Chemist: 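Before we start, here is the structure in question, set down as structure tokens.
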Amino acid sequence: MKSSFFALSLKQRIRIFLFSVLTLLAVSLLGILLVQYYLKDMTRVADERLTLYENTLKLQLNKYSYLPFLVARSSLVRNFLVDGIDKAEVNVFLEEASHKADSTAVYLVDSSGIVLCSSNWNKDNSYIGLDLSFRPYFKEGIKGKEKRFYGVGFASEQPGYYISYPVMVNGSPKGVAVVKIDLSRLQTIWKDGGETIFVADSKDIIILSSRPAWQYRTLITLSPETLRTIQEGGQYPEPKLRRLEFEPVFSGMLNMVRIDGQYFRETTRHLKSMDWTISYFMGVRPLWERILGISLTSFVLIGLAILIRMFLNERHLKNVSRQQAREADKIQAINIRLEQEIKERERTERELRAAQKELIEAGKLAAVGEMATAVAHELNQPISALKMYVASCRLMLKRNKTTELDPTLVNVLGISDRMARVTEQLKSFARKSSECESEFDLREAVNATLALMKHQFELEGCEVMLNIPEYKVSLLGDCGRFEQVLINLFRNALDAMQGQENKLIGVNVQIEQEMVIVRVLDNGPGIDAEVDSSVFEPFVTTKKEGVGLGLGLSISYKIIKDMGGRIWVENRSEGGAEFCLKLPLYQRREDAND
Ligand code: ADP
């Protein structure tokens, strides 16, 4: 895996990086949402619990609120305060009332603050005779007001909730009826339920708590004035009033506090009627555990996603390289096949070349044979004529007829000329393409040829019509050989028009773009249909024996081709043949650049 990651291209690595970042973001977001959801859930649970405990507390407190009122309104109690008789009856009445209501104690205090009667009159810890004049609930009660008070019992040292009510006789308070309620049972229930709760009074002193150690601890540092009031009212045991280590850590949704080194999520509510606050605490450990769990799951998920991505990438790369290997194999196979085909082709080519060579050899042999036949045929006749003339000359010499020798020798010369012409033609045919190429003016070549043939034209009474540009027409080639072509064409035209009355030869030169077209025409019989297009092949002739060897046009064809041109023949509609030569105009390099 490791090596394959580094073997990836930059693009692929960036892609994996982006994928990882996105996965991280997505999973983190999911984690945050889950934590948020969990916090909301915690808040909901805390609110529900708090409502439950608040209601239980209120119920507990209000359950007895009627009792001092009833005691204070009782005629038995009021009469007793006036006449002081029936004390025992009052005690029993209070005992029964307390028992029925399930309160801690119910008692009657006179106007000086001394307990006259009490529900626990017959107990060791009876309140009778106690001076409670310092108690705030007495002080307020004797002023004719109802009072609620929480504090530690004067005699019992047991904390309790006190509700007092004035006993009115003839419109003025003559005593105070008091009920004491024990709230310690609530604490036990909270504690047994595994909850962490406390109730703090308006002075920020914890009066009730599921944790006994927190009871009477303060949330703030108490002022001396407050301490004095507490002392005067004997409300709480002073040594216990120590500051609880309580500090907020996070506010907002987390709302986290640290109490005695422990972290809790706090939910607090104010109890208006008592001016108390009730706080419910949830341990943050489950929250941390949940967050840790979510984080771990997230990291595992991210790791898994990255591993899967890398694995898929690896597999993809393997597939690609396998595919490439397969393609490379295919290409190699194709290469091998191609090499084989090339070899095959080379072999075929070699065979073909050999066959061609053989054919050429055969063709050459055939041509040589053909030529040999033609030459033999051409030369046989003049040779036998020569033999005959030589024999006649010898006879004439024997007979001393020397005067007759001259005409016979003239004939011999004529025959020699003819034989020379044949060999000249053969030489021309055998000659290879000229290597002495140079620029020449077509007009000069035409004029030179016409000048050479002038005597012949006049002898045969042939008119020549010349249509040639006035400017220089440059061609590249062997001028001498080109002139040979023109001589050939003129001679053929003269031969074709032999015995004809009006003989005409025309030379027409025309420039077409970068080509020059030379037309040599006559008004003879035109090309014989029998030979027609084969006139340019060697040894094709319609001339009678001894006149033509059939090489002139094939030599011309070769010369024109060597000059990069073309030669062809057409019969004119008005009669006669027209030979066309199409040749490239020569442009000097510097001209061409202009
Ligand atoms: P040769 O002149 O020895 O016959 P050429 O190759 O020069 O050989 O000519 C081949 C043949 O082409 C001639 O025999 C003739 O039949 C035909 N030919 C050439 N020029 C003309 C022409 N101007 N008019 C008619 N036929 C021609």
Side-chain angles (χ1 to χ4, degrees), residues 367 370-382 414-415 417-431 446 449-450 452-453 456-457 459-467 480-508 517-562 565-582:
E370 212 172 329
M371 196 193 295
T373 318
V375 172
H377 188 78
E378 204 62 29
L379 296 180
N380 268 350
Q381 194 264 337
I415 289 167
D417 279 349
R418 252 176 67 197
M419 289 172 75
R421 256 179 73 192
V422 169
T423 50
E424 184 59 36
Q425 275 194 344
L426 279 171
K427 251 164 74 187
S428 237
F429 183 70
R431 204 192 307 169
V446 172
T449 317
L450 288 175
L452 204 72
M453 295 287 293
Q456 198 74 31
F457 289 141
L459 205 71
E460 302 209 15
C462 177
E463 193 188 338
V464 177
M465 280 179 71
L466 186 59
N467 180 13
R481 298 198 79 201
F482 182 73
E483 285 173 10
Q484 195 188 334
V485 174
L486 292 177
I487 291 171
N488 224 336
L489 295 177
F490 293 150
R491 209 182 284 271
N492 276 347
L494 286 176
D495 286 348
M497 294 186 292
Q498 203 116 52
Q500 196 176 301
E501 268 201 13
N502 297 320
K503 297 174 184 169
L504 176 74
I505 286 181
V507 179
N508 212 340
I517 300 174
V518 183
R519 290 190 171 84
V520 178
L521 50 96
D522 61 58
N523 63 345
I527 304 291
D528 197 328
E530 263 186 43
V531 283
D532 193 20
S533 56
S534 60
V535 285
F536 294 103
E537 286 173 20
F539 311 112
V540 172
T541 179
T542 55
K543 293 176 188 170
K544 55 184 182 207
E545 271 181 27
V547 178
L549 198 59
L551 287 175
L553 284 180
S554 85
I555 292 165
S556 304
Y557 182 87
K558 217 167 124 202
I559 292 168
I560 298 300
K561 209 176 151 212
D562 286 348
R566 216 154 64 77
I567 179 169
W568 72 95
V569 67
E570 285 166 4
N571 277 337
R572 299 168 64 221
S573 55
E574 55 269 53
E578 182 178 286
F579 282 86
C580 300
L581 318 176
K582 191 171 186 180

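Values below: every heavy atom of this structure, side chains too, minus hydrogens, waters and symmetry copies. For clarity, every value in this text was computed on a predicted model and none was experimentally measured. Every number for a ligand or one of its atoms is a count from 1 in the order of the listing.
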Chemist: Please state whether Phe579 comes within less than 4.0 angstrom of ligand 1, counting heavy atoms only.
Modeler: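 Under 4.0 Å: yes for Phe579.
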Chemist: Between Asp528 and ligand 1, is there a nitrogen or oxygen pair with a distance under 3.5 Å?
Modeler: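 No; every N/O pair is 3.5 Å or more apart.
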Chemist: Relative to atom 11 (C) of ligand 1, which among Leu494, Val540, Ile555 owns the nearest non-hydrogen atom?
Modeler: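 Nearest heavy atom to atom 11 (C) of ligand 1 lies in Val540.
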Chemist: Indicate the ring-plane relationship of Phe536 and Phe579, choosing parallel, tilted or perpendicular according to the 30° and 60° boundaries.
Modeler: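 Rings of Phe536 and Phe579: perpendicular, as their planes differ by over 60°.
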Chemist: Please check: side-chain N/O of Gln500 versus main-chain N/O of Asn523, any donor-acceptor pairing under 3.5 Å?
Modeler: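 Confirmed, Gln500 side chain pairs with Asn523 backbone.
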Chemist: Determine, considering heavy atoms only, which of Gly524, Gly526, Pro525 sits nearest to atom 25 (C) of ligand 1.
Modeler: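 Heavy atom nearest to atom 25 (C) of ligand 1 belongs to Gly526.
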Chemist: For ligand 1, which atoms, with element, lie under 4.0 Å from some heavy atom of Ala493?
Modeler: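 Matching atoms, with element in brackets: 23 (N).
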Chemist: Could you go through the side-chain contact (heavy atoms from CB on, under 4.5 Å) check for Cys580 and Arg519 one step at a time?
Modeler: CA-CA 5 Å; Cys580 300; Arg519 290 190 171 84; 4.0 Å; yes
Chemist: Taking 4.0 angstrom as the limit and counting only heavy atoms of Ala496, give me the atoms of ligand 1 inside it, by number and element.
Modeler: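 Under 4.0 Å from Ala496, ligand 1 has these atoms: 22 (C), 24 (N), 25 (C).
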Chemist: Under 4.0 Å from a heavy atom of Val535: which atoms of ligand 1 are those, numbered in the order shown and with their elements?
Modeler: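 Heavy-atom distances to Val535 below 4.0 Å select 12 (O).
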Chemist: Is there side-chain contact between Met453 and Leu486, with heavy atoms separated by less than 4.5 Å?
Modeler: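 Not in contact.
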Chemist: Can you tell me how far CG of Leu450 sits from CG of Leu466, rounded to the nearest 0.5 angstrom?
Modeler: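 Result: 6.0 Å between the selected atoms.
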Chemist: Could you tell me whether some N/O pair between Asp495 and ligand 1 is separated by less than 3.5 angstrom?
Modeler: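 No; the residue has no nitrogen or oxygen that sits under 3.5 Å from a nitrogen or oxygen of the ligand.
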Chemist: Output, in order, the C-alpha distance, side-chain angles, deciding distance and verdict of side-chain contact (heavy atoms from CB on, under 4.5 Å) for Glu537 and Val531.
Modeler: CA-CA 10 Å; Glu537 286 173 20; Val531 283; over 6 Å; no
Chemist: State the CG-CD1 distance between Leu581 and Ile567, to the nearest 0.5 angstrom.
Modeler: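 Answer rounded to 0.5 Å: 4.5 Å.
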Chemist: For ligand 1, which is the ligand I care about here, please tell me if Asp522 has any N or O atom under 3.5 Å from one of the ligand's N or O atoms.
Modeler: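 By distance alone, the answer is yes.
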Chemist: Ignoring angles and geometry beyond distance, decide whether Leu553 reaches within less than 3.5 Å of ligand 1 through its nitrogen or oxygen atoms.
Modeler: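 Looking only at distances, the answer is yes, because the N/O contact criterion of under 3.5 Å is met.
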Chemist: Please test Ser556 against Asn488 for side-chain hydrogen bond (donor to acceptor under 3.5 Å, both in side chains), starting from the C-alpha separation and ending with a verdict.
Modeler: CA-CA 8 Å; Ser556 304; Asn488 224 336; 3.3 Å; yes
Chemist: Is there a polar contact between ligand 1 and Val531, counting only N or O atoms under 3.5 Å apart?
Modeler: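 So ligand 1 has no N or O lying under 3.5 Å from an N or O of Val531.
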Chemist: Can you sort out which atoms of ligand 1 are near Lys543, meaning under 4.0 Å from one of its heavy atoms?
Modeler: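 What qualifies from ligand 1 is 1 (P), 2 (O), 4 (O), 14 (O).
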